[in-house]
Amino acid sequence: MKVNRAKATWVGRRVLIAVFGTYVAYLLIINLLLLTGLGQKILNAAEPEHVRLEWASAYSLWFMRVHTTGFAVRGEDSAVEWRITADEASTGFGFTDFLDRRLRMFDTKAKGVSVRIRFKVAAPTADYLAALPPIEGLPNPPLKGPPVPELTDENYNLWSAELDDVVADDVREVWVDTLHYTDKGGIHVAGGLYFKPLRAIRLDPTEITMARGAVDVGPKRLADDIHGEVRAAIAEFDPRVPNGTEVFRNIDCRIVGKARLTDLVWIDSLTAPVLAFTGGGGPVEVSAQLRAGVLEHGSRADMRFDGWTAWLGRTWSSGTSIAHARVGRAMTVALESYGVSVHHDTTSVLGADLIGAVVTLANTDLAAPLHPWSAHVDMPSGRVADLKSLDGYLGTEAPFYAGSAVFALHGDARANNASGTLVSTLAGVSMQAGKALVHGGGKIDLTLKSYDFDKSKATLSLARFDLHDLQTGDQTGYWINGTASPCEIGVGSGEVSMVVAGKARDAQLPLALMAAPGIVVGLVGKQGFTFSARLHEKANELAVSDVRLIGDTVEVTAHYRSAPSGKSGAALVTTSGSNVGIEVRKDGMFLRPFASQSWYASTSATK
């Protein structure tokens, strides 16, 4: 027994000496490599074109665990360039992973971290280049080279990176392309990441805490006072497979935080060059949960946009808006805009104290199309200070020379169709109506049955008008009221088709509105009557058919057409038991005493 114990002691001592010797040898070799810079040369020689490691000082006190200061790693491929730095870092390495072109780091601790990423482009603008992060050691600008053959699985030679159990404190910046995030309080990050270029991406459950962050887009500050928490995970996926929004299927994320937007310039990237924004800063508060790409019940966001201005060519609008987004069975976004005004250059077009809008998305799955959707808009008190300012917004030149209007608007929209109502009161109007110059005021109510966005065509189920105190020529005190139903309007094309009916003080004004020949106006006389007609206007053509004017002692049936090729039409006036016919042809106007119904029917058959 004594011999066996002695042998065991002898063996144990030798093992300890061997282990200790190995440890000492490791310390000598690894620290020699780290301190002399020889380690950097060896590692960088392994993949000089794609990855480069640097550090100011480094040491190791245990197998494959390294502590560094002034650490930096940068890399690039055919599409992207990046650089990560840390004031201090310590990590463990899997030695055998190097043999498989795999950089695996575990139990990583870092402080004073900076992350910069930029994409290579073929023809960058000066403004775009000025907003990109500088990356030490790589040339500017980051130009995209000639196309390279796609890597196959057989010739794939890029290094992959896997970071497990990473804890980073005082992350000072994350600069991705033109989006630059900085944090005076330092971001705290805890999680893991796997990245195999062009083949696989995975984000292990990761927590990000922000204290006093700010986001800049190029030279413009987008948001500041950012604080909150993000918890996210991305299931491993092949970046070559998902198309567009399908990538959301792999994402689980929860965001709780607050910030203050300083500008709406970020919207420009979505709406440019059609629409541009300035101003609109305000507080934002978000609490949202995304699971496999689906927004969870209870997710919400609240935003305020103070003093925004939106530009559409030479037309601009301004106001202050409050938005509330809520997720239940559907996602609802409610937007209230106050003190809204619309201008064209320096001319005021429209104003409204309040515009309310609610948009509902039945689908809360971000990976799927947003349809079906619906929207509701309320403008309880709008106003147009000068109706002449509508020139250019009605498809053709506005018929107004002067006047103002107040109105209430309510509308609904879904898919490619809209409907709604408009109640308006006009005052001090001066307008061209047919051949007549009319002055006055009144009320016009419209009920929009449908507006086809694809065809730019509006169909009114009812248009009601009640005009009073009208003046035309030397005549005053006119009134006229009635309806136009149905009514179809081609927005932009200027094509209008409607059936009108109503009452008027006498015949002169409504006949002028329908561009009736003056002789008809004279025959009918000045007496109250009812009227109806069918009108169709397209380009330079006007057709008025099925005209019926019924007064106390007179009845008129008529049709009329005006086109570039000429004018044509006919009227049958019945008064005091006798008929008078009027025919309009290309070669003039002709009176037909004692005309009959059969004569008028013959002119109608050839109209």
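Given the structure is predicted, the values throughout are model-derived calculations rather than measurements. Atoms considered below: every heavy atom in the structure, side chains included; atoms not considered: hydrogens, waters and symmetry mates.
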Original post:
How many angstroms lie between CD in E296 and OG in S287, if you round to the nearest 0.5 Å?
Top reply: 11.5 Å
**OP:** Compare every heavy atom of V215 with every heavy atom of L179, then report the nearest pair and how far apart it is.
**Re:** CD1-CG1, 3.5 Å
**OP:** State, with a plain yes or no, whether a side-chain heavy atom of T320 is found less than 4.5 Å away from one of F305.
**Re:** no
Original post:
Going by atom types only, do S341 and S318 share a side-chain donor-acceptor pair under 3.5 Å?
Top reply: yes
Original post:
Under a 4.0 Å N-O cut-off, is there an ion pair linking E285 with R300?
Top reply: yes
**OP:** Mind checking side-chain contact (heavy atoms from CB on, under 4.5 Å) for L33 and listing every partner two or more places apart, or none if nothing turns up?
**Re:** I29, L38, I42
Original post:
Rounded to the nearest 0.5 Å, how far apart are CZ of R212 and CD1 of I226?
Top reply: 13.0 Å
Original post:
So how far is it from T209 OG1 to H227 NE2, rounded to the nearest 0.5 Å?
Top reply: 12.5 Å
Subject >> Residue pair H188 / V167, side-chain heavy-atom distance below 4.5 Å >> reply: yes
Original post:
Sub-3.5 Å donor-acceptor pair from the side chain of D177 to the main-chain atoms of L132, do we have one?
Top reply: no
Original post:
What are the two closest non-hydrogen atoms of A368 and N363, and how far apart are they?
Top reply: CB-ND2, 3.2 Å
Subject >> Approximate separation, where rounding is to 0.5 Å, of K111 NZ and T69 OG1 >> reply: 13.0 Å
Subject >> W55 side chain vs G70 backbone, donor-acceptor pair below 3.5 Å >> reply: no
Subject >> Pairing of E76 and K120 as salt bridge, 4.0 angstrom limit >> reply: yes
Subject >> Side-chain touch S60/L34, heavy atoms, less than 4.5 angstrom >> reply: yes
Original post:
Is it true that the side chains of E336 and Y338 contain a donor and an acceptor less than 3.5 Å apart?
Top reply: yes
**OP:** Take D306 and R304 through the salt bridge (charged side-chain N to carboxylate O under 4.0 Å, His left out) test and state the conclusion after the steps.
**Re:** CA-CA 6 Å; D306 294 316; R304 181 181 177 91; 2.6 Å; yes
Subject >> ring-ring contact (aromatic ring centres under 6.0 Å, His included) against F195, all qualifying residues, sequence neighbours excluded >> reply: none
Original post:
Is the shortest distance from a Lys or Arg side-chain nitrogen in R291 or D252 to a carboxylate oxygen in the other one below 4.0 Å?
Top reply: no
Subject >> For the student: nearest non-hydrogen atoms of L198 and P239, plus distance >> reply: C-CG, 4.0 Å
**OP:** Indicate the atoms forming the closest heavy-atom contact of Y156 with K196, along with that distance.
**Re:** OH-CG, 3.4 Å
**OP:** Starting from the C-alpha separation in whole Å, work towards a yes-or-no answer on salt bridge (charged side-chain N to carboxylate O under 4.0 Å, His left out) for E162 and R202.
**Re:** CA-CA 9 Å; E162 184 171 2; R202 183 187 73 242; 3.3 Å; yes
Subject >> SB check D107 R65 (cutoff 4.0 Å) >> reply: yes
**OP:** Taking all heavy atoms of A223 and all of T262, pick out the closest pair and write down the distance.
**Re:** N-OG1, 3.7 Å
**OP:** Enter the distance from L335:CG to H324:NE2 here, rounded to the nearest 0.5 Å.
**Re:** 9.0 Å
N/O donor-acceptor pairs under 3.5 Å from side chains in residues 136-146, not counting sequence neighbours:
from : atom 1 : to   : atom 2 : distance (Å)
N140 : OD1    : R118 : NH1    : 2.6
N140 : OD1    : R118 : NH2    : 3.2

Original post:
With distance as the sole test, does T152 use its side chain to make a donor-acceptor pair with the main-chain N or O of N155 at under 3.5 Å?
Top reply: yes
Subject >> Validation row: L290, F248 side chains within 4.5 angstrom (heavy atoms) >> reply: yes
**OP:** Just jot down the salt bridge (charged side-chain N to carboxylate O under 4.0 Å, His left out) partners of D216, sequence neighbours excluded, or say none.
**Re:** R221
Original post:
CZ of R231: more than 12 outside heavy atoms within 6.0 angstrom?
Top reply: no
Original post:
How would you list, by chain and number, every residue that makes a ring-ring contact (aromatic ring centres under 6.0 Å, His included) with W316, sequence neighbours excluded?
Top reply: W311, H343
Subject >> Non-hydrogen side-chain atoms of Y451 and N417 separated by less than 4.5 Å >> reply: no
N/O donor-acceptor pairs under 3.5 Å from side chains in residues 326-333, not counting sequence neighbours:
from : atom 1 : to   : atom 2 : distance (Å)
R326 : NH1    : A301 : O      : 3.4
R326 : NH1    : D302 : OD1    : 3.1
R326 : NH2    : D302 : OD1    : 2.9

Subject >> From R83, E173, R172, residue fulfilling side chain to side chain donor-acceptor pair (under 3.5 Å) relative to S114 >> reply: E173
Original post:
Do the side chains of R249 and D365 get nearer than 4.5 Å, heavy atoms only?
Top reply: yes
Subject >> Residue pair Y194 / D164, side-chain donor-acceptor N/O under 3.5 Å >> reply: no
Original post:
If we only count heavy atoms from C-beta on, is the L151 to R199 side-chain gap below 4.5 Å?
Top reply: yes
Subject >> Heavy-atom check, side chain of I208 versus side chain of I187, under 4.5 Å >> reply: yes
Original post:
Is the closest basic N to carboxylate O distance between E81 and R116 below 4.0 Å?
Top reply: no
Original post:
Considering all heavy atoms of both residues, which atom of M210 and which atom of E229 are nearest to each other, and what is their separation?
Top reply: CE-N, 4.3 Å
